Each structure stands twice: as structure tokens, then as C-alpha cells.
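Remember, predicted model here, so these are calculated numbers, not experimental data.
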Protein chains: 2
Amino acid sequence: MIGYRNSILRLSHYRRCLRQFQELGYTRVFSENLGQAAGVSAVQVRKDFSSFGLVGRRKGGYIISELLDKINQILKKDKIEKVILVGAGNLGSALLKYRGFEKESIKIVAAFDADPAKTGKRGDIPVYPMEKIFSFVRENGIRVAILTVPESVAQDVGERLVSAGIRGILNFSPVTLRLPERIIISHINLAVELEHLVYYVHAGTTKAL
Amino acid sequence: MIGYRNSILRLSHYRRCLRQFQELGYTRVFSENLGQAAGVSAVQVRKDFSSFGLVGRRKGGYIISELLDKINQILKKDKIEKVILVGAGNLGSALLKYRGFEKESIKIVAAFDADPAKTGKRGDIPVYPMEKIFSFVRENGIRVAILTVPESVAQDVGERLVSAGIRGILNFSPVTLRLPERIIISHINLAVELEHLVYYVHAGTTKAL
DNA sequence: TAGATTGTTAATCGATTAACAATC
DNA sequence: TAGATTGTTAATCGATTAACAATC
């Protein structure tokens with residue numbers, strides 16, 4: 001019943017693809033179709049599904065609406081998750097405007113910045129001074145934060161978030177956060193991602209093609 | 001001599017940490033130190049190094065400047081890689097302003113957007129209409145593109161990039177690009193990353209802690 | 001029935017970790 | 001020498017793929 005780490009990530013992708021199929025008017029899919037759409041093999045799809053107890057019909061494939069219901073259950077999509085964003089600079093501001101989170105039932109409810117000039121409102125999201133993090137997180141039961149502060153203060157701010165009660169951090173700063181084991185950290189290092197890509201493009205070029 | 005996939009990624013992280021150590025005035029590190037800074041085990045560090053032919057001294061650890069030189073060689077950091085960005089919306093504009101790429105010897109030399117209102121200049125980076133992609137990529141020998149266009153046009157634009165000669169794409173759109181095998185694609189789906197984090201925070205809460 | 005598709009078990013592949021030998 | 005550290009080999013762990021049995 002419990003899938004392993006990567007399969008949870010794939011579940012999110014399947015979910016997105018399934019909704020696209022649904023919009024196109026389909027009611028059923030085969031593992032083959034879904035795999036193609038999500039960029040994985042058909043076997044992978046079936047393996048993932050079976051590990052989460054998602055079943056199809058031997059010849060009729062999977063019923064999209066059923067799948068979506070169960071995936072939503074697994075991913076706990078029944079209610080909207082409220083998250084905060086810390087650091088309303090370039091990247092932070094862009095994320096505040098990003099529409100893609102809504103579909104995943106995630107809402108950025110507030111942002112925080114050390115620079116008083118940046119506080120106020122961005123669209124419908126309030127930007128508060130850093131001092132308010134603690135009370136806001138406590139009062140609203142926030143568990144997840146997006147961290148888009150400069151490298152130099154990332155560790156500090158991370159510790160503050162933890163002391164306020166944050167359990168998960170999506171870290172866009174280039175530093176490796178050193179926080180208690182129980183804190184779940186996802187690290188997106190844009191420069192490293194790009195560097196990695198450049199490396200493989202070079203490697204491909206070097207090899208005889 | 002050839003490391004495996006993940007070790008290349010870690011090499012980028014080691015590189016960043018090593019430079020920090022260097023700024024602090026250190027000239028040598030032990031695998032233990034570096035592991036802590038990069039968030040991996042000391043054994044992992046030594047394993048990675050040995051697979052790339054990076055050697056230390058049995059008791060004296062590794063010489064930082066030597067390591068950096070060799071890592072730069074491996075990651076082909078001798079010259080600046082010129083990349084383009086397609087889609088100068090919220091996220092695209094933020095990336096155009098992002099300073100983090102410079103350190104990795106990567107430079108965004110031009111951006112492209114379908115909306116004539118968005119063409120012109122952003123800081124020192126020119127934003128051209130989409131039609132210019134083909135000639136620009138050809139004339140400047142660009143191999144890597146950052147894709148920050150809306151979901152609906154991502155596949156189309158991806159195909160265009162490929163026909164212009166692009167070899168690697170850093171894809172921020174939520175769709176799985178279907179492009180020739182030889183094209184190297186890195187997929188960063190911000191919503192999925194956040195969703196994944198939320199899932200694990202929930203899972204941690206559900207479990208008895 | 002034959003063919004297509006799911007679902008599971010076994011085999012393989014790849015990455016990490018453990019154990020330890022080498023040596024400064 | 002003893003202790004600390006590297007570097008390598010072996011063991012383990014986890015994820016993917018292959019093979020195939022079940023069945024609609």
C-alpha cells in the first residue's frame with residue numbers, strides 16, 4: 001500500500017496528465033497512454049498504481065475519475081494547503097504571481113521580507129516584515145514555507161522558520177540548510193540544475209554521435 | 001574515471017562548498033568537513049572523488065585549490081556557456097535578473113517572447129520576438145535554452161528550439177516535453193516539488209512522532 | 001478462442017553504505 | 001608507534017525493468 005519515494009512524485013505527474021485526458025473528454029486510459037503522457041514506461045505506471053492499491057480492469061484500462069479520486073486521497077488534496085514565502089526578491093516575487101500552485105490546491109497566503117520597502121501587498125498576497133513570521137505561522141498553523149532569501153541569511157531564516165513551527169521548507173537558496181532531522185527540506189538550486197544540463201550537453205557533444 | 005549521474009550533481013555542490021571554505025581562508029579539507037557542508041556522508045565524498053580520479057593525502061585531506069581546478073575541468077568551467085531564455089513572463093523575468101548563474105560560468109545572453117510588449121531590454125539582456133530564435137541560436141552556436149513559456153505552447157516552442165539546434169532544455173513548464181532522444185531535458189516543476197513537500201509533511205504528521 | 005491488457009514475481013541495474021586495508 | 005584519514009572492495013539497499021501469469 002505504501003509506494004516509495006519517487007513513486008509519490010510520479011503520482012503528481014500522473015494526476016496532471018489524467019486531468020488533461022479528462023479535459024479532452026476521455027473517461028478511461030491504458031497504462032500505455034498514461035506512461036507516454038508522463039514520460040515513463042507503461043510498466044512503471046502499473047507498478048506504481050499497484051503499490052498504492054489503484055486497480056484497473058484487465059482489458060478496459062483504468063477509469064480516470066476513479067484514479068483521480070484515489071490519487072487525490074493519497075496526496076491529501078481534500079483541502080487547500082496554506083504556505084508562506086520568505087524573501088520577496090526577484091524569484092520570490094515571481095513565485096507570488098505564479099498561477100501553477102492553485103491547481104495543486106496550494107495557496108501562498110503571506111510573504112515576508114526584511115526590506116520595509118518590499119512590504120505591503122502583491123496582488124492579493126500581503127507582504128509582512130520578518131518579525132511577523134513567528135506569530136503568523138503560529139496563529140495560522142502554517143507548516144510549509146518557500147525560502148527565496150539571499151544566500152547569506154538562508155541558514156538564519158531557516159532556523160527561525162523551524163522555531164516558529166514550520167515542518168517543511170522548499171529551499172531555493174544555494175546553501176545546504178542544516179536543520180533538525182525532522183524538518184523536511186526540498187532543495188532547488190537553479191544554478192546547479194542548469195550547470196548539470198550544460199555538463200550533459202557537453203558530454204553528448206564530446207562523445208561520437 | 002567516469003562518475004555516475006548523481007555524482008555529477010554532487011560535484012557542483014562540492015564546488016560551491018569548496019569555494020566557501022576558500023573564502024574563509026582554508027587551504028585543505030577533510031572528507032568529513034566537506035560532507036557536512038554539502039549534506040552528504042564523508043564516504044560519499046571520498047567515493048565520488050575517487051570515481052573522478054581526485055586524490056587526497058592519507059592524513060592531510062584534500063587541497064582545496066587542486067580540487068577546484070580538477071572539478072572545474074570535469075565540469076568544463078573553462079569558458080562561459082551562453083544560454084537563451086524563452087518566455088519572459090513572471091518566472092522568466094525573475095531568472096533574467098537572477099545573479100546566481102554567473103558564479104557557475106553561465107550567462108543568459110538573450111531572451112525571446114511572443115508578446116511584442118515584452119521585447120526590448122531587461123537590464124543588459126535583449127528580449128527578441130520569437131521569430132528570431134532560429135537565427136540567433138544558429139549564429140551564436142547556442143546549445144542550451146531555459147523554457148519558461150505557458151503550458152499551452154511549451155511543446156511547440158520545444159520543437160522549435162530543437163529545429164534551431166538546441167541540445168539541452170531546462171523546462172519549467174508543467175508539461176512533459178516529447179522531443180528526440182538526443183535532446184537532454186531537465187524538468188523543474190515547481191508545483192509538483194511543493195506538492196511533494198506538502199505530502200511528506202503530512203505523512204510525518206500522520207505517523208506517530 | 002485469441003488478443004490485449006493488467007498485476008505480480010523475479011531479475012537486473014545502479015547507487016549508497018559498510019567494512020577494512022593502506023598509509024601518512 | 002598509534003591514530004587519523006584516505007581509498008577500495010564487498011554488501012546492502014532501493015528502484016526499474018523483464019518475464020510471465022491471470023483474465024477480461
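- For B/D113 (side chain) and B/D115 (main-chain N/O), a donor-acceptor pair under 3.5 Å exists by modelled atom type.
- The NE2 atom of A/H202 lies 14.0 Å from the CD1 atom of B/I74; values are rounded to the nearest 0.5 Å.
- Residue A/F49 contributes atom CZ, which lies 12 Å from atom C1' of C/dT6 at whole-angstrom precision.
- Annotation: cation-pi pair A/R5/B/Y200 present, NZ/CZ under 6.0 Å from the ring centroid and within 45° of its normal.
- Comparing the end axes of the helix from C/dG3-D/dC24 to C/dC24-D/dG3, each fitted to five base pairs by superposing C1' atoms of four pairs onto the next four, gives an inter-axis angle of 10° (nearest 10 degrees).
- Between B/A37 and B/F21, the shortest heavy-atom distance links the atoms CB-CZ, 3.9 Å.
- Distance CD (A/E32) to P (C/dG7): 15 Å, rounded to an integer number of Å.
- A distance of 6.0 Å separates CG in B/L170 from CG in A/L197, rounded to the nearest 0.5 Å.
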Contact pattern, 5' to 3', of nucleotides 14-24 of chain D - B, S or - by protein heavy atom under 4.0 Å
-SBB----BBB
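- Taking the six-membered ring for Trp and thresholds of 30 and 60 degrees, B/F136 and B/Y128 have ring planes inclined between 30 and 60 degrees apart.
- Salt-bridge formation is detected for the pair B/E104/B/R15: a Lys NZ or Arg NE/NH1/NH2 atom is positioned less than 4.0 Å from an Asp or Glu carboxylate oxygen.
- Taking atom OH of A/Y62 as the reference point, atom C1' of C/dA4 lies 13 Å away to the nearest angstrom.
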Go through it in stages, so that I can follow the logic: the residues are A/R16 and A/H13, the test is side-chain hydrogen bond (donor to acceptor under 3.5 Å, both in side chains), and I'd like the CA-CA distance, side-chain angles, deciding distance and then a yes or no.
CA-CA 5 Å; A/R16 180 178 50 71; A/H13 284 288; 3.2 Å; yes
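- In this structure, the CG atom of A/L54 is 9 Å from the P atom of C/dG7, given to the nearest Å.
- Listed nucleotides C/dT6, C/dG7, D/dG7 differ in distance to A/V55; the shortest reach to its side chain belongs to C/dG7.
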